[in-house]
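Take a look at the structure below.
Naming: A, B, ... by sequence-line order, numbering from 1 per chain. Everything numeric here is computed off the predicted structure, so don't read it as measured data.
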Number of protein chains: 2
Amino acid sequence: MDKKSNDSSKPHMIEALSVDNVVLGIENGRLMVLTAKYNAGLAQGQWGLLGGWVSYDEPIDNAAKRILKMITGVDDMYLEQFRAFGDVQRYPAERVVTIAYYALVRPDLYKMMPGGTASHVEWRDVHKLPTLIYDHSSIVKAVLSHLKNKIRHEPIGFNLLPEKFTLLQLQEVYEAILDVKLDKPNFRRKILKMNLLIDCEEKQKGVMHRAASLYRFDMVVYQKLCEHGFNFEF
Amino acid sequence: MDKKSNDSSKPHMIEALSVDNVVLGIENGRLMVLTAKYNAGLAQGQWGLLGGWVSYDEPIDNAAKRILKMITGVDDMYLEQFRAFGDVQRYPAERVVTIAYYALVRPDLYKMMPGGTASHVEWRDVHKLPTLIYDHSSIVKAVLSHLKNKIRHEPIGFNLLPEKFTLLQLQEVYEAILDVKLDKPNFRRKILKMNLLIDCEEKQKGVMHRAASLYRFDMVVYQKLCEHGFNFEF
DNA sequence: GCAAAAGTGTTTCCACTACACCCATGG
DNA sequence: CCATGGGTGTAGTGGAAACACTTTTGC
């Protein structure tokens with residue numbers, strides 16, 4: 001998060017309110033989080049989440065989206081509010097309440113365009129994070145815990161994969177987030193029985209072993225299941 | 001939520017940020033929400049949630065607690081943050097982002113002491129709510145939906161009951177929140193098998209039928225289960 | 001043939017469902 | 001003895017866990 005701008009040519013920002021994004025992706029079966037190095041302000045030279053201020057005339061969800069787009073160049077990622085963090089001491093020198101969001105993305109999909117307040121961005125293994133600025137470390141921790149719960153009940157895992165994926169890739173997403181090993185045969189059966197996957201009738205290419213079938217997520221069936229509530233445990 | 005105070009004798013409040021509480025309780029097997037009638041400000045004469053402003057020198061959680069205590073006189077209720085609501089138009093005349101909290105309480109436990117900004121408070125059936133001010137109706141709706149999910153995975157239902165309760169009372173909590181009928185024998189078995197209940201070795205009194213056993217919630221077992229993750233579906 | 005991952009089969013067990021049924025108490 | 005809720009029993013079903021096994025492919 002950058003220090004607050006006092007430049008009056010910029011849009012009017014809400015005082016004492018910010019947004020911070022926990023951007024997550026999977027790389028080589030490991031859950032990674034995007035960190036930014038700030039080139040100005042209180043956090044100059046330090047690493048933190050991708051945050052910024054909320055304009056008086058934009059919804060908070062848009063603020064999160066705008067900040068992400070500014071730094072990553074992408075605006076169609078899965079983005080959801082987590083919750084607000086509002087301890088008095090969380091931000092030095094000034095009272096700032098922040099609203100944390102999390103995004104699930106595919107690290108391979110786009111090139112980062114560090115700009116604005118972040119001079120560099122870097123993917124880091126969530127298990128090997130350095131200390132982040134302010135309370136960002138605890139925000140990440142809370143989001144990860146939330147995600148472990150969420151993935152058991154909603155098929156958010158698909159946002160971390162390409163449109164067409166193999167069952168093993170999907171399993172690796174679950175394993176990365178839940179931090180456990182799963183039984184392959186049982187995982188297959190369970191996920192297939194949900195009817196959330198459509199067989200692409202297509203095989204993997206360029207692998208040095210038997211090619212796996214490719215599947216894609218069936219959004220229509222998903223919407224129906226949502227209304228009835230369903231179980232997603234492994 | 002009251003109109004912002006400009007009285008400089010009061011503590012300095014954060015601009016554009018408020019807190020709103022969805023206070024829930026069970027009465028006669030029906031899920032009720034506490035509403036307040038405001039006696040001043042933009043919302044004068046109208047019904048809404050129990051809200052207020054956040055002071056510069058208090059954590060947001062404390063703000064929610066303080067406002068609840070001011071209006072209800074109670075400060076030991078189960079209170080948890082839900083999430084922020086930050087549409088530009090949600091509050092008329094001014095940009096205000098609000099952080100919604102929900103509380104689970106026993107309506108019978110205490111007398112309301114309407115004071116401060118709320119001239120009256122009233123319990124209302126969540127299925128028969130009038131239109132509330134601002135976006136409070138949609139906040140209630142979102143909290144109820146959240147609660148339906150949450151009660152399936154965490155034993156929050158106990159917060160709505162007296163310390164000692166019967167299995168049927170507990171079942172009624174689940175039925176009120178989930179808005180379904182449950183099978184009594186199966187509910188008993190499932191809940192007992194979780195080992196979350198301690199038999200008080202005591203019977204109900206003053207009922208005109210066979211007296212039921214009283215149970216209480218086992219916090220210690222609960223803490224252990226939390227760490228391992230467990231299922232609470234019905 | 002070997003390695004690596006894809007994919008199938010099978011057995012065991014446990015949990016959930018849907019009931020039928022008996023028990024205790026007050027009126 | 002009846003109404004009301006408390007509480008137990010049980011047959012059937014389906015899913016989950018564990019693990020052995022077969023298949024396909026590149027090298």
Side-chain angles (χ1 to χ4, degrees), chain A residues 26 28-29 151-153 155 157 161-162 164-176 178-216 221 225 228-234, chain B residues 26 28-30 151-153 155 161-162 164-176 178 180-216 225 228-234:
Chain A
I26 302 238
N28 304 320
I151 202 174
R152 284 165 173 259
H153 310 294
L161 290 172
K164 297 175 180 182
F165 51 85
T166 70
L167 293 183
L168 189 60
Q169 288 175 318
L170 182 58
Q171 181 176 340
E172 282 167 352
V173 168
Y174 278 83
E175 291 179 334
L178 296 174
D179 204 16
V180 290
K181 285 299 290 178
L182 300 171
D183 182 83
K184 186 171 52 152
N186 293 338
F187 182 88
R188 293 176 62 80
R189 270 187 291 261
K190 173 144 187 173
I191 201 86
L192 286 174
K193 192 156 34 186
M194 290 178 187
N195 286 321
L196 281 173
L197 299 189
I198 299 172
D199 192 335
C200 298
E201 318 252 340
E202 216 175 309
K203 296 284 182 186
Q204 222 178 0
K205 278 171 193 161
V207 287
M208 53 193 162
H209 55 74
R210 177 174 174 182
S213 290
L214 293 173
Y215 293 87
R216 58 196 172 82
V221 171
L225 283 173
H228 295 70
F230 64 108
N231 191 6
F232 227 76
E233 309 238 357
F234 284 100
Chain B
I26 302 234
N28 305 319
R30 282 146 62 221
I151 202 174
R152 284 163 172 260
H153 310 295
L161 291 173
K164 297 175 179 182
F165 51 85
T166 70
L167 292 182
L168 189 60
Q169 287 176 320
L170 182 58
Q171 181 176 341
E172 282 167 352
V173 168
Y174 278 83
E175 290 179 335
L178 297 174
V180 292
K181 285 299 289 176
L182 300 172
D183 182 83
K184 187 172 48 152
N186 293 337
F187 181 87
R188 292 178 60 82
R189 270 187 291 262
K190 174 145 187 173
I191 201 87
L192 286 175
K193 191 155 38 187
M194 289 177 186
N195 286 321
L196 281 174
L197 299 189
I198 299 172
D199 192 334
C200 298
E201 318 252 341
E202 214 176 311
K203 296 284 182 187
Q204 224 177 0
K205 277 170 194 162
V207 288
M208 51 192 165
H209 54 74
R210 175 175 175 182
S213 291
L214 293 172
Y215 294 86
R216 57 195 173 83
L225 283 173
H228 295 71
F230 63 109
N231 192 5
F232 227 75
E233 309 240 358
F234 285 100

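The shortest distance between side-chain heavy atoms of A:Leu178 and A:Arg152 falls below 4.5 Å. At a threshold of 4.5 Å between non-hydrogen side-chain atoms, the residues A:Tyr215 and A:Leu161 do not count as touching. Annotation: side chain of B:Glu175 is in contact with side chain of B:Gln171 (closest heavy-atom distance under 4.5 Å). Considering only heavy atoms from C-beta on, B:Ser213 stays 4.5 Å or farther from B:Glu202 through its side chain.
Residue-level contact check: A:Lys203 touches the backbone only, with heavy atoms under 4.0 Å from sugar-phosphate atoms and none from bases. As judged by a 4.0 angstrom heavy-atom cut-off over every strand, B:Leu167 is placed among residues making no nucleic acid contact.
Taking side-chain N and O atoms only, B:Ser213 has a distance below 4.0 Å to OP1 or OP2 of D:dG7.
Regarding A:Lys190, its NZ atom lies at a distance of 7 Å from the P atom of D:dA17, rounded to whole Å. In this structure, CZ of B:Arg188 is placed 15 Å from P of D:dG5, rounded to the nearest angstrom. In this structure, B:Met208 atom CE and C:dG26 atom C1' are separated by 9 Å, rounded to whole Å. Put simply, NZ on B:Lys184 is 14 Å from C1' on D:dG9, counting in whole angstrom units. Distance CD (A:Glu172) to C1' (C:dA6): 13 Å, rounded to an integer number of Å. The nearest whole Å value for the distance from the NE2 atom in B:His209 to the P atom in D:dG6 is 5 Å. A:Leu197 places its CG atom 12 Å from the P atom of C:dG7, with the value rounded to the nearest Å. A:Asn186 has its CG atom 13 Å from the P atom of D:dG15, to the nearest Å.
The base of C:dG9 lies close enough to the side chain of A:Arg189 for a donor and an acceptor atom to sit less than 3.5 Å apart.
Closest heavy-atom contact between A:Asn186 and A:Arg189: OD1-NH2, 3.0 Å.
Comparing B:Gln204 and A:Ala211 against DNA chain D, the residue whose closest nucleotide sits nearer the 5' end is B:Gln204.
Nearest nucleotide to the A:Arg210 side chain, out of D:dG5, C:dA5, D:dA18: C:dA5. The side chain of A:Leu168 has C:dA6 as its nearest neighbour among D:dG5, C:dA6, D:dA20. Closest to the side chain of A:Lys193, from the set D:dG26, D:dG5, D:dG15, is D:dG15.
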